[in-house]
Amino acid sequence: MKKTYLVIAVLALIACLTGIPELAEGIALRGPGGVNYGRILFPLLISGVFFWLFKRNKT
């Protein structure tokens with residue numbers, strides 16, 4: 001189960017990293033108020049939760 005937590009966390013971080021160029025382009029075009037931050041924040045939240053589960057699970 002511990003490996004699954006790690007894999008999900010890494011995949012979420014990769015998803016976060018792939019959204020950064022799109023976020024930067026949107027900020028450049030529309031400003032910081034007109035951008036959807038969900039493509040960055042949700043994968044960060046998911047990876048944070050699964051890293052926490054990875055570190056908490058001792059087996």
Nearest heavy-atom neighbours spanning A12 and P43: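 Nearest heavy atoms, A12 then P43: O-CB, 3.2 Å.
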Nearest non-hydrogen partners of L44 and S47, listed with the distance: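 Between these two residues, the closest heavy atoms are O-OG, 3.0 Å.
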Are [Y] and [X] connected into the same hydrophobic cluster when the rule is that any two of I, L, V, M, F, W, Y join if their side-chain heavy atoms are below 4.5 Å apart?
X   : Y   : value
V7  : I14 : no
L29 : I27 : no
I46 : L11 : no
I20 : L13 : yes

Enclosure of Y37 OH (heavy-atom neighbours >12, cutoff 6.0 Å):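 Result for OH/Y37: enclosed.
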Measure the spacing between [atom1] of [X] and [atom2] of [Y] and express it to the nearest 0.5 Å.
X   : Y   : atom1 : atom2 : result
L45 : F50 : CG    : CZ    : 10.0 Å
L17 : I40 : CG    : CD1   : 8.0 Å
L23 : L41 : CG    : CG    : 8.5 Å

